[in-house]
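One structure below.
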Amino acid sequence: MKKILGLIEENVSIVVFLVMLIITFANVIGRYVFHASISFTDEITTNLFVLVSVIGTAIAARDRAHLGLSAFTELLPKRTQHIVSGVGNFLGAIYGVVLLVTGIQMVMNQIAINSRSTTLMIPAWIYGIFLPIGALFIIYQFARMGLEDFSLARKEKEN
């Protein structure tokens, strides 16, 4: 399960970055070579940026790449370091739950009022769904890392 979700996270990020790169590059060429902007590219890249941001947050949690106060935590005993890290990861998972609930409410509201995107006039929930989907990845990765930290703290206690 861990490897499958990791592959999904990484492949989605790669595809989204490539799409953003191609669309943005095409728009730059359009502006400077043909003196005409492709208007819908801003809408797509902005919304894809939301998706890659939440997926990137999950990847950073998985790889333990989030910023931390290592100068402080390195002074603590090893077991306490794991406990502090575990608490931080569970706070990250709670943040993910807040994003999930807020994202679901946003999508439900967009569907209820039949909200449309500004440029392409597609249903806004298509972009909005990126937030709760990414939040699920965030919750999973932070919770998994928190459990791993507490398991390491338990092993330190036994030693």
Side-chain angles (χ1 to χ4, degrees), residues 1-73 84-150:
M1 175 83 163
K2 183 168 70 171
K3 282 188 175 187
I4 293 171
L5 282 178
L7 284 173
I8 291 170
E9 291 166 345
E10 290 171 4
N11 287 327
V12 166
S13 295
I14 290 167
V15 169
V16 169
F17 269 123
L18 282 173
V19 169
M20 289 172 63
L21 175 71
I22 291 166
I23 289 173
T24 304
F25 182 72
N27 197 27
V28 168
I29 296 298
R31 282 185 190 158
Y32 292 104
V33 174
F34 303 111
H35 304 290
S37 178
I38 307 168
S39 61
F40 68 87
T41 59
D42 291 337
E43 177 180 307
I44 292 174
T45 53
T46 301
N47 287 290
L48 287 177
F49 184 75
V50 171
L51 177 60
V52 83
S53 295
V54 289
I55 296 294
T57 300
I59 291 171
R62 180 196 71 201
D63 295 344
R64 297 185 181 273
H66 281 287
L67 294 175
L69 298 173
S70 61
F72 168 72
T73 56
V84 169
S85 180
V87 169
N89 280 315
F90 277 120
L91 289 173
I94 291 169
Y95 170 73
V97 170
V98 171
L99 281 179
L100 177 66
V101 170
T102 304
I104 290 171
Q105 290 171 342
M106 178 187 71
V107 169
M108 290 173 59
N109 185 46
Q110 289 170 332
I111 292 170
I113 65 172
N114 196 27
S115 180
R116 301 260 170 202
S117 68
T118 310
T119 308
L120 294 174
M121 299 303 293
I122 63 173
W125 67 264
I126 293 173
Y127 295 133
I129 199 79
F130 294 164
L131 186 61
I133 288 172
L136 290 172
F137 284 95
I138 290 170
I139 294 165
Y140 172 76
Q141 292 296 1
F142 272 115
R144 189 177 68 76
M145 298 313 290
L147 290 172
E148 185 178 297
D149 286 327
F150 287 124

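Since this is a predicted model, take the numbers as computed values, not measurements.
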If you round to the nearest 0.5 Å, how far is [atom2] of [Y] from [atom1] of [X]?
X      : Y      : atom1 : atom2 : result
Ile38  : Thr24  : CD1   : OG1   : 10.0 Å
Trp125 : Arg116 : CH2   : CZ    : 10.5 Å
Thr57  : Phe142 : OG1   : CZ    : 7.0 Å
Thr45  : Ile22  : OG1   : CD1   : 13.0 Å
Asn47  : Ile126 : CG    : CD1   : 10.5 Å
Asn89  : Ile94  : CG    : CD1   : 11.5 Å

**Asked** Do Val54 and Phe130 come close enough that some side-chain heavy atom pair is under 4.5 Å?
**Response**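 SC-SC contact between Val54 and Phe130 ruled out.
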**Message:** Using every non-hydrogen atom in the two residues, find where Asn27 and Ser37 come nearest and quote the distance to one decimal.
**Reply:**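 Minimum heavy-atom separation between Asn27 and Ser37: OD1-OG, 3.3 Å.
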**Item:** Nearest atoms (heavy-atom pairs only) where Asp149 meets Ser85
**Value:**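 Answer, listing the atom of Asp149 first, then Ser85: OD2-OG, 2.8 Å.
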**Asked** Is the side chain of Ser117 donor-acceptor paired with the backbone N or O of Ile122 at a distance under 3.5 Å, no angle test?
**Response**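 Yes: the side chain of Ser117 pairs with the backbone of Ile122.
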**Request:** Please assess Tyr127 against Thr46 for the test side-chain contact (heavy atoms from CB on, under 4.5 Å), listing each intermediate value before the final yes or no.
**Result:** CA-CA 10 Å; Tyr127 295 133; Thr46 301; over 6 Å; no
Could you pull out every donor-acceptor pair under 3.5 Å between side chains of residues 7-18 and any protein atom, sequence neighbours left out?
unit_1: Glu9; atom_1: OE1; unit_2: Arg62; atom_2: NH1; d: 3.2
unit_1: Glu9; atom_1: OE1; unit_2: Gln141; atom_2: NE2; d: 3.3
unit_1: Glu9; atom_1: OE2; unit_2: Gln141; atom_2: NE2; d: 3.0
unit_1: Glu10; atom_1: OE2; unit_2: Arg62; atom_2: NH1; d: 3.4
unit_1: Glu10; atom_1: OE2; unit_2: Arg62; atom_2: NH2; d: 2.8
unit_1: Asn11; atom_1: ND2; unit_2: Leu7; atom_2: O; d: 3.1
unit_1: Ser13; atom_1: OG; unit_2: Glu9; atom_2: O; d: 2.9

Please tabulate, one pair per line, all N/O donor-acceptor pairs under 3.5 Å involving side-chain atoms of residues 96-111, not counting sequence neighbours.
unit_1: Thr102; atom_1: OG1; unit_2: Val98; atom_2: O; d: 2.8

**Asked** Sequence neighbours excluded, which residues qualify as side-chain contact (heavy atoms from CB on, under 4.5 Å) partners of Phe150?
**Response**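 side-chain contact (heavy atoms from CB on, under 4.5 Å) list for Phe150, sorted by chain: Ile83, Val87, Phe90.
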